Every structure is written in structure tokens, then in C-alpha cells.
Amino acid sequence: MNSILLIIKSNLARRRSQSITAGVSIVTVSLLFSLSIGILTSIQQPFDKVFNNLNASHILLLYDFRNDNGDSMKNWFLKQPEVESVGNPDAYYNCNGPLFVKTGKIDALVQITEFTSNHLRQDKLKILKGDIKDAPGINEIWLPNYLAVQHNIQVGDTIAIPTSGGTYSFKVSAMVSDPHYGSGMVNPTRAWVKAGSLSFFAPVSQLTNNCLGIRLKSTDLVADVLGRFNTKFNFAGTALQYSIFKSAFMSTYQLIAGILLIFSILALIIAVYLIRSIIIKTIYDYYKLTGILKAQGFTPANIIVIYVTQYLFMAILFIALGCCGTSFILQLIMQSVMRTIGVIDLHLRLPFIFAVSFIFLTTIIVLTAFIAALKTTKIKPAQAIKYGAPERIKTRTRADNIINRSLLPLLPALSIRALMENKKRALVTFTVLLFTIFILLFSSGVTTSLSQLKYNKAAWGFENGEIELVRNGATPIGFTHQELKEIFEGEKGIKSVTPFSYESIMILPGAGKQPVNLFGKAYEGDITKAGLITLSGIYPSNESEIALCIGTAKLLGKMPGDSIAAFIEGQQVTLKITGVYQDISNMGQGFRLSSKTFEKLNPVYSPAMYSLKLVNVAGAEDYKKYLQKKYGSTITINMNIEDRLKQMGIVSNMIITFLLLAIFFITILLLSIWNDVIVSTRDYRKSFGIFKTAGFTPRQLRMLLVWKMILLCAFSLILAIPLSLFLSPLLMGQVTQNFGIVQFPFSVSGVSVIIIACIFFCAVVLCAWLSSSGASKINPRVLLVGQ
Amino acid sequence: MKPQILKTSALTKSFPGSNSAAPVINNLDTHFFKGEFTVIMGNSGSGKSTLLYLLSGLDKATSGKIWIDDFPVHNRTEKELALMRRQKVGFVFQDSNLVPNLTVKENILVAGRLVSKNSNQLNKRVDELLNDLGILPLANRMPGQLSGGEAQRCAMARALINDPVVIFADEPTGSLNSEASLKVMDCLDTIHSKGQSIVMVTHDLKSATYGDRILFFRDGQIVDERLRLGERGCAAEEEALFTWLKQKGW
Ligand SMILES: Nc1ncnc2c1ncn2[C@@H]1O[C@H](COP(=O)(O)OP(=O)(O)O)[C@@H](O)[C@H]1O
Ligand SMILES: [Mg+2]
């Protein structure tokens with residue numbers, strides 16, 4: 001055993017650059033892998049922690065007190081055994097128009113809620129920035145921290161709120177952590193003002209909205225309680241629940257962790273290849289030594305132990321390094337997450353994360369080493385000592401006419417022969433090239449798809465209208481639905497109008513299953529007119545039909561053709577499912593109905609939202625101004641989805657993430673090309689000497705190596721471009737299916753594919769060229785006997 | 001007097017890293033004649049291989065001048081040297097040094113394609129050469145499937161493919177048994193009889209007797225030379241050469 005350790009030591013020292021290459025790749029793999037596991041396992045913690053610290057409600061009921069009686073609901077909840085506590089109904093004002101701050105306007109739907117003393121007990125708020133006070137003061141407002149961060153609002157700024165009588169200004173006095181509205185993924189959001197101050201700026205007739213919070217003893221009781229509630233009450237408002245708050249908060253981080261996991265698996269495959277080829281290379285380099293060892297009485301098992309132990313050492317050392325990196329980066333990520341949400345202490349399950357990474361990665365690395373080392377058993381001592389290399393009688397290959405005929409120039413022809421000669425190494429390099437270009441194209445495709453969203457809205461689940469607006473029916477001079485619709489139909493600039501409304505219904509899935517509270521939309525007229533498409537089936541055209549979002553359809557286990565029972569406007573109806581669609585805006589949950597359903601059940605129903613398709617798409621911004629000017633406060637134009645995304649920084653964050661990953665993978669690629677070229681130069685130094693003697697110029701010698709990369713690179717591009725077009729949507733579909741997108745609306749831009757392919761190609765060729773300089777410095781003495 | 005094909009003037013080569021202060025080639029003035037078969041002999045490590053590398057433009061001299069066929073080899077860039085080599089120089093080593101993943105024929109074609117653009121003509125020329133050297137049936141074999149002598153003759157065909165001005169051979173029979181050596185030397189003799197200039201380094205007395213003129217190299221200098229008197233490869237000539245070499249300190 002002692003002698004084995006000695007050999008390992010000398011192996012590591014003598015093959016330093018290769019050990020470093022293997023080490024770097026192991027470190028990266030373990031970093032990516034443990035980081036993604038770390039994020040996946042830790043991200044729900046801060047949320048739950050803050051949720052519990054603040055005694056947050058698992059259920060929020062938003063309702064109009066003219067339709068639902070808050071006190072009787074409260075009393076009913078108090079009697080349920082699962083309920084821990086129930087808050088008081090809080091009055092809130094739905095602020096539909098944009099808020100104005102010094103940095104511009106905020107196009108979010110904000111519920112301005114009164115902060116009562118009840119919030120010192122349940123649904124507490126944690127003040128992250130600003131004066132620590134029990135409640136906001138007069139003319140002060142508390143904002144959720146993420147909103148402040150997103151819009152760069154500071155404590156002390158003023159914020160102006162549109163009211164029916166002009167704007168009303170508040171001073172921002174604190175940023176709070178509000179677990180119900182913890183992320184920009186959910187609209188509306190909530191802001192807090194002093195109790196009783198709503199009536200300062202809103203007429204009492206508009207202050208009919210209330211919010212009631214119910215905190216349960218455990219999170220998994222939500223469905224039970226809500227189910228019973230719905231059978232007992234004809235609740236006409238909206239019930240928000242724990243799972244929505246949580247998934248909204250976690251979705252972004254899960255997406256990041258998912259992508260990291262995909263990349264770490266790709267990196268693992270590269271590392272396995274690298275380790276395998278390094279071991280095989282070492283075996284050939286030490287061919288003679290191995291023969292001598294065998295002659296001295298080492299058994300094949302002893303020799304395998306040498307390699308396996310060596311890589312076991314390396315795995316332990318480098319995975320540990322990677323895990324150190326993870327513990328550092330994970331702390332940073334989680335701390336920034338915690339800061340936005342306001343948790344102070346966090347228990348990261350580092351030992352668990354590290355144990356999983358260690359066991360998984362070490363097993364794979366040691367197994368790779370073992371399989372690669374099995375080769376040594378085939379070494380015959382006598383032959384090894386005599387020749388110092390495996391005796392390889394080369395037989396003719398199929399490409400043998402390539403040099404005889406002058407179809408190809410000499411250098412590429414020779415390179416093809418060299419590739420055929422060492423197919424395995426060519427395959428490894430080819431695979432690394434393929435992976436890298438695939439990842440680049442994949443990243444660019446995903447980013448393009450996101451940035452092209454506005455041309456492809458229907459596939460993401462949005463109406464294709466350029467303008468979405470709200471009819472402010474409550475204003476004294478407001479229009480009715482019929483009036484406004486006729487006005488829009490008369491506007492020359494508008495091609496089509498699709499009126500719709502946001503609605504919530506309660507699905508009753510049947511015996512033994514919990515009712516499901518759903519948000520969705522009701523459309524007037526033909527739904528497909530708004531550009532919307534289905535995954536299967538069609539959209540409803542009469543009052544007894546419904547289309548479900550894919551997530552809901554899965555949740556209920558329903559397909560087009562099935563029927564479901566639902567509570568709508570306080571009445572139970574049976575609806576036939578006509579189709580299933582995808583929609584990212586509500587985490588894959590939701591429905592689309594014809595407005596006829598609501599008209600039938602509620603005689604005073606009328607839609608208040610309009611999606612307008614314009615004649616001149618490019619002039620949308622000007623047309624918005626025109627409409628706003630012409631119709632003033634009777635309408636509110638919403639920010640469209642592409643601007644909202646831009647504001648949330650999703651696309652730009654994505655681009656930065658992908659850019660970093662691209663740099664990372666290109667670095668690995670360039671390192672392995674460099675390694676390949678250096679190893680090739682050494683392996684073929686005799687051939688280079690011969691070519692030099694025969695009169696190859698230094699440039700031609702280097703080009704022999706470069707041509708190999710040009711060929712491999714060209715092949716990998718030829719394969720990777722169609723492959724990425726085919727696989728990227730499938731991969732992304734896997735990632736986004738939890739967000740309600742099963743068929744990822746993948747779009748590519750030919751220009752960026754070409755640019756990426758060119759940059760990739762140039763980088764590879766340049767790297768190969770720079771690392772090939774050794775080939776031109778070959779000393780002809782290598783050709784002497786015994787050298 | 002025969003025209004000179006190769007000459008040097010004050011040629012010096014020293015290796016900066018080596019511990020001995022004396023240059024390996026020391027201020028050497030010498031010349032080689034057109035159509036002559038010149039043999040260089042000397043002790044092991046005296047610098048014969050180094051000299052051949054300098055003469056063939058494979059290595060650069062520390063100082064001094066070299067002309068091949070009136071073409072100045074000194075002060076050239078690597079590229080110019082490479083272009084010169086493919087036209088004017090053929091090289092045969094002790095080891096055949098064939099590219100292992102190319103067939104016999106391809107090994108020769110690779111060198112040929114550097115110069116000739118006409119592939120039909122080139123293919124014909126390769127076949128001709130292989131035939132002359134008696135290895136045409138082996139044209140499509142891989143180097144690993146050849147005997148030492150066959151491989152060496154293939155290396156000679158490669159050296160000859162571009163009709164070089166001069167062929168350098170560094171101990172071409174050094175790794176061969178006497179039978180294979182004889183065949184290789186016969187080939188060299190045939191080439192020489194067609195007017196090819198050859199400069200050969202050897203340790204083997206029998207091979208050395210094929211030379212028209214034998215130079216003795218020591219201490220970085222050609223210290224003496226001897227013209228062949230008797231028959232090629234005959235025992236008497238071998239004997240006489242041996243006595244001469246011993247006198248020079250071989
Ligand atoms: N690159 C080099 N660096 C240092 N010394 C060298 C180098 N190449 C050759 N030598 C030395 O030059 C001397 C002559 O070598 P060589 O020409 O191969 O001798 P020969 O061919 O006569 O046996 C030797 O002593 C050798 O060690
Ligand atoms: Mg020598």
C-alpha cells in the first residue's frame with residue numbers, strides 16, 4: 001500500500017497541468033451541483049420563516065362588504081377547529097391608476113390598506129427600512145420592500161395616488177416585508193396607511209372593499225377549511241391562499257435553481273469525459289512504467305487501486321473546494337433574499353447539501369476512474385517494457401483515398417486522417433464543442449423567446465392586443481360598457497375590441513376532493529379574436545362551457561369533453577370543458593369563460609377591461625396617448641406585459657445569467673481545446689518533425705492542428721444548430737411547466753444564431769491557433785533514435 | 001573540377017544551455033560536390049547530426065554561412081527554410097520516421113503534394129520510385145506492417161519524391177541487420193549512379209565504403225578526408241578505411 005501511495009504522489013506531481021484541469025472541472029461541477037441543490041432546498045425556508053414570524057394569514061378573503069358579510073364569516077372561521085386566529089376586516093382602496101414617484105410611475109395595481117392595531121398580533125409587518133413605529137402616521141405610507149427596490153424608492157420619497165378628485169400624496173416612511181405580496185410576480189400588491197385615513201382621499205361610496213385574514217394551525221389545512229367555507233357561504237369575493245403566496249415568492253428562485261441543475265449535469269458530463277481521457281492518457285504515458293510495475297509483481301487490481309485512489313483523493317479535495325465556494329455563494333444569495341423579505345437568521349442545511357454532493361459526485365468520479373483504469377489490465381508487461389507504447393498495427397481506414405486524390409487541400413486532408421486515427425479523442429473534443437455551442441444557442445434562444453414575447457403573446461397566454469385598458473365606470477362621467485364598446489368600434493385606429501373581466505370561481509371537483517378557488521377571465525364574443533390559442537380543444541362559445549389552464553386541468557385531472565361543477569356568482573352550475581390552454585400569468589392556474597356565463601347568472605354583469613388590437617401596431621405608444629387624452633379619466637390604460645416584464649428586469653437578468661454561464665462554458669471549452677492541442681502536439685511530435693523535415697512551413701504545421709479544430713467545430717455547428725432548435729423548447733418546456741407553459745414558445749433569431757456561431761467558431765480557431773505554437777518549434781532531434 | 005553543390009563558410013554552432021564551452025561545430029569551412037556520394041564519419045556525440053541539420057536548414061547556425069546550390073541558407077526565416085527544404089533537400093534518418101497513420105504511398109504523397117500540384121503526374125512518379133526501390137507491392141501497407149529495411153526504403157522514396165538537390169542520410173543503416181543494410185545501401189548506390197548528390201553520416205564501415213569521399217569529423221571540424229580507392233563494399237576497402245579512421249582517432 002505504501003508503494004501505491006508513492007506512485008500516486010508522483011503521478012499527481014508529474015502530471016500537474018492535467019491534475020489541475022481535472023481539479024478545476026471537479027470544482028466547477030461540485031459548485032454548480034451543490035449550489036442548485038442548496039437553492040432548491042433552502043429557498044422555501046426564508047418564506048416559511050417570515051410567514052410564521054409575522055403570524056401571517058393562510059387565507060386572505062378579498063370582498064365587497066355589500067355582497068359578503070365580514071363579521072359572519074369571521075365568526076364562522078373562529079368556530080373551526082383548524083383556525084388559529086382571525087383578523088379584523090381591513091378596509092382597502094383599489095388604486096387602479098399608476099402611482100407617481102420621483103423616478104416615474106408605477107404601473108402596479110395597489111391595494112391601499114388601513115393598518116389597524118390588529119396587525120400587531122396577526123399579519124404583522126416587519127419594517128426593513130425606515131423608522132420603526134407601531135403604525136404608519138398621518139399621510140405616511142408603508143410599501144412592500146420588493147416594490148421599493150424595483151422602483152428605487154427611498155424612505156422619505158413622496159408617492160402620489162390618483163383619486164377621483166385628483167392625486168393624493170403620501171410620504172414613504174417605511175419599507176416592510178409583507179409575505180402575502182413578496183414578489184413582483186403577483187399583481188395586485190399592497191401598501192399600508194394609517195387606520196381611518198382612506199376616507200381622506202376616497203369617497204365613502206368607493207370604500208367598500210374589505211380584506212379578512214385567517215391564520216390556520218398548519219399550512220396543509222387550507223384546502224379543508226376553504227372547502228367547507230365555500231359550501232357554507234356564497235362567497236362572491238376572492239380567496240387567496242398560502243400556496244399562491246409561496247409559489248409567487250419562490251418561482252424565480254426555482255427557475256434559477258432548475259437552470260443551474262441542468263448546467264451542472266452538463267458540466268458533470270464534461271468532467272467525466274475529461275477525467276476519463278486524462279486517465280487513459282496517463283495510462284499510455286506510463287505504459288512502460290505500468291509494465292515494469294506488473295513485472296515487479298503488482299497485480300492488475302493493485303494498479304487499478306492506484307488510479308482509483310488517486311481520483312478519490314482528488315474528488316474529496318476538489319469537491320470540498322467546490323462546496324466551500326457553495327457555502328459562500330449560497331450565504332450571499334440567501335442573505336440577499338432574506339434582506340428583501342426581512343429574515344435575520346437562517347439555518348442553511350449545508351451538511352445535507354454537502355453530503356448529497358459528496359456522495360453523488362464522488363461515486364461518479366471514482367466509477368469513471370475505475371472504468372478507465374480497467375484498461376491497464378490489458379497491458380502486457382513484456383510488450384510494454386520493450387516498446388513503451390501499446391503495439392498498434394494500424395490498418396487502413398475508409399478515408400484512405402483522401403490524400404491520393406487532390407480533392408481536398410493537403411492540410412485538411414491530413415487533419416481528417418488524424419481525426420480518424422484517434423477517434424476517441426476527437427469524439428471527446430467534439431462533444432465538448434457540441435455542448436458549448438448547444439448551451440450558447442440554447443441560452444440565446446431562450447433570451448430571444450422572452451424578448452420576442454410581444455410578437456408572440458398568445459403562446460404565452462396573453463391577449464394579442466397592443467393596448468389593455470380599464471373602464472372607470474365609477475367616475476361621474478364614466479361610460480357604460482355598451483357605450484365604450486361602441487366608441488371603440490367606431491375608432492378608425494382600432495381593428496378589434498375584446499372586452500373581458502377578471503373573475504374568480506370555485507370549482508367543485510366532486511366527492512372526496514377539495515374545492516378549488518380559481519382566478520380567470522371572462523371574454524365577450526369570440527375568444528380567438530383576441531389571438532388566444534389552445535393546447536387542445538377549443539374555447540367556450542356558450543354559457544355552459546369553460547376552458548381550463550393546463551395546470552388547473554392537471555390538478556383536477558380533467559380533459560376537454562369532461563364536465564365540472566362550479567360555484568359562480570353564488571350559484572352552482574355544470575360546465576363542459578371545451579379546451580385546455582397555457583398561460584404563464586397565473587402559474588398555470590386559471591380558466592377562460594364566455595361572458596355569457598356571467599351575464600346569465602348576474603344580470604348587472606358587464607366587463608370593465610378591453611384588449612384593443614390596433615390597425616397600426618407600431619404606433620401603439622402614440623395611440624395610447626391619443627386615447628388617454630380623448631377619454632381622460634374614464635379609462636385607465638394598463639401597462640402591457642412586455643413593459644411589465646422589462647420593468648421586472650426578467651429579460652435583462654436572464655441575459656446576464658446566460659452571459660455568465662456562456663463565459664463559464666467558453667472558458668471550459670477553451671481550456672479543453674488548449675489541453676487537446678498541447679497533448680496532440682506532444683503525441684504527434686514525431687509526425688510534426690517529419691513534416692517539418694519534408695518542408696512544411698511553421699504556419700502549415702500549426703494549421704495541421706488548427707484544421708482539426710476547424711473540422712470538429714464545423715461538424716459541431718452543423719449538428720448543434722438543428723439540435724438546439726429541436727431540444728431547447730423541450731428542455732425549457734420542462735423548466736417552465738410549473739409556471740403554466742408546457743409548450744415553450746421558442747423563437748430564434750437567425751442573426752443571433754449566425755453571430756453566435758461566428759464568435760464561437762472564431763474563438764475556437766483562435767484558441768487552437770494560439771495554443772498550437774508548440775508545433776512550429778518542434779526540434780528535429782525528436783526524430784533521432786531513442787528520443 | 002566538379003561543381004560544388006553545398007558549401008559552408010566559418011560555420012559555427014553552439015548550444016547555449018550545454019556545459020561544454022566548445023562549440024559543437026567550430027568555424028567549419030567545407031564543401032560537397034555535385035553528384036558525389038560523401039560520407040561523414042566521426043565519434044558518437046561529435047556533432048555529425050548537428051551538422052546535417054544545419055546543412056539541410058532544419059536548424060539554424062550560431063554564425064557562419066551555408067549555400068545549397070548557390071542558394072544562401074543562412075539568415076533565412078523558418079518559412080523560407082521550409083520552402084527551401086521541400087524543393088532542394090531530402091532527409092533519411094536512422095529511424096524510418098514514417099507517419100504511422102498514413103500508408104506507405106501516402107507518406108510519400110504528403111511530401112510530394114507540397115511541391116507538385118498535378119496529382120496524376122505525382123501518383124505516377126510515386127509508383128515509379130516505389131518500383132525502383134523494390135517496394136511497390138507494399139504501397140498500401142501501413143508503416144507498422146513493414147520490416148525495418150522496407151520502411152527505410154520507403155523513407156528514401158519520400159526523400160526523393162521532389163527531386164532534391166542533395167539527400168542527407170543520418171545513419172540510415174544504423175538500426176538494420178546486415179542483409180537489410182545491404183539492400184538500403186544498394187538503393188542509395190542506384191540513386192547515386194543516376195547523378196544524385198548524397199551526404200551520409202554512418203558508423204558502419206561497410207556502408208561507408210559506398211562513399212566516393214569520406215570526411216572525418218572531430219572537435220567541430222573536418223579534420224581529414226579520404227577518397228575511395230577500391231571497390232564499393234569490398235573487404236579490402238573496409239580494412240583500409242578502418243586503418244585510416246583509427247589513425248584519425250576514431
Ligand atoms: N539542443 C541541444 N542542446 C544542448 N546540447 C545539444 C543539443 N543538441 C545536441 N547537443 C549536443 O551536441 C553534441 C552533438 O550531438 P550530435 O550532433 O547528435 O552528435 P552525433 O550525431 O555526432 O552523435 C552532443 O554532445 C549533444 O549532447
Ligand atoms: Mg547522430
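Lettering follows sequence order; numbering is per chain, from 1. Here the structure is a predicted model, which means the values were calculated and not measured.
- Around atom NZ of K60(B), more than 12 heavy atoms belonging to other residues, nucleotides or ligands sit under 6.0 Å away.
- Using a 4.5 Å cut-off between heavy atoms, N120(B) does not touch chain A at all.
- Only the backbone of L98(B) comes within less than 4.5 Å of a heavy atom of chain A; no side-chain atom from C-beta onward does.
- Across all their heavy atoms, A694(A) and L114(B) have their closest contact at O-CD1, 3.5 Å.
- Pairing each heavy atom of R85(B) with each of F696(A), the nearest pair is NH2-O, 4.0 Å.
- Note that CG of L58(B) and CD1 of I778(A) are 12.5 Å apart. Values are rounded to the nearest 0.5 Å.
- Between the CG atom in L410(A) and the CG atom in L109(B) there is a gap of 9.5 Å [rounded to 0.5 Å].
- Note: L784(A) CG to E171(B) CD = 9.0 Å, rounded to the nearest 0.5 Å.
- Heavy atoms closer than 4.5 Å to chain B are found in the side chain of F691(A), but not in its backbone.
- For CZ of R76(B), the number of neighbouring non-hydrogen atoms (other residues, nucleotides, ligands) closer than 6.0 Å is greater than 12.
- Nearest heavy atoms, V99(B) versus S687(A): CG1-OG, 3.8 Å.
- Pairing each heavy atom of L783(A) with each of N97(B), the nearest pair is O-ND2, 3.0 Å.
- Side-chain atoms of R417(A) never come within 3.5 Å of backbone atoms of L102(B) as a donor-acceptor pair (strictly under, hydrogens ignored).
- In the displayed structure, F715(A) atom CZ is contacted under 6.0 Å by at most 12 heavy atoms of other residues, nucleotides or ligands.
- For S175(B), the part lying under 4.5 angstrom from a heavy atom of chain A is the side chain only.
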